[in-house]
Engineer: 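Following this message is one structure expressed as structure tokens.
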Amino acid sequence: RAKSILMTDYASFLTDNWLAPLGFSLGSPRDSAKRGSHISIRHADGYRINRAMIEEMNVIPDFREPDNIRLGFAPLYTSFKEIREGFDRIKRVIEEKRYEKYPIQQLVVT
């Protein structure tokens, strides 16, 4: 649990410092006692960003309406370096406008 808290605190820090200037906000509680081993980041184009991350960046998040991208961290085998790399990829999706080629309409899961 201690590593989980450090990981989600780190992800929150990266959201505030790297992603907030790009239109993201933290959707999870800041208090680690009120969250598990994941965080939610919010963006108006969350669904399209989520698709680009899956299709192009080898990051597998979970999307939740209306604009939440959920990122889970497994403390037993996820490193802080991997979290940083994942956030760098999210940043690149925005800076390189990769998400713009994905439709706003969500895929239907069968």
Engineer: Rounded to the nearest 0.5 Å, how far does CE of M53 lie from CD1 of I60?
Structural biologist: 8.5 Å
Engineer: What's the separation between atom CG in L22 and atom CD1 in I41, rounded to the nearest 0.5 Å?
Structural biologist: 10.5 Å
Engineer: In this structure, are over 12 heavy atoms from other groups packed under 6.0 Å from F80 atom CZ?
Structural biologist: yes
Engineer: For P29, does its backbone N or O pair with a side-chain atom of K34 as donor and acceptor, under 3.5 Å?
Structural biologist: no
Engineer: Can you tell if the side chain of F24 reaches within under 4.5 Å of the side chain of D16, non-hydrogen atoms only?
Structural biologist: no
Engineer: Just by distance, with hydrogens left out, do E55 and Y99 show a side-chain donor and acceptor under 3.5 Å apart?
Structural biologist: no
Engineer: Do R64 and S40 have side chains that get closer than 4.5 Å, going by heavy atoms?
Structural biologist: no
Engineer: Is it true that I54 and I49 fall in one hydrophobic cluster, defined by side-chain heavy atoms closer than 4.5 Å?
Structural biologist: no
Engineer: Taking C-beta and beyond as the side chain, do F63 and R51 meet within less than 4.5 Å on heavy atoms?
Structural biologist: no
Engineer: Is D31 atom CG crowded by more than 12 heavy atoms from other residues, nucleotides or ligands, each under 6.0 Å away?
Structural biologist: yes
Engineer: Are the side chain of T8 and the backbone N or O of I5 linked by a donor-acceptor pair below 3.5 Å?
Structural biologist: yes
Engineer: Side chains of N58 and R89: closer than 4.5 Å at any heavy-atom pair?
Structural biologist: yes
Engineer: Assess whether side-chain contact (heavy atoms from CB on, under 4.5 Å) is satisfied between R35 and D9, documenting all intermediate values.
Structural biologist: CA-CA 10 Å; R35 64 172 187 256; D9 283 348; 2.4 Å; yes
Engineer: Are side-chain heavy atoms of I94 and H43 found at a separation under 4.5 Å?
Structural biologist: yes
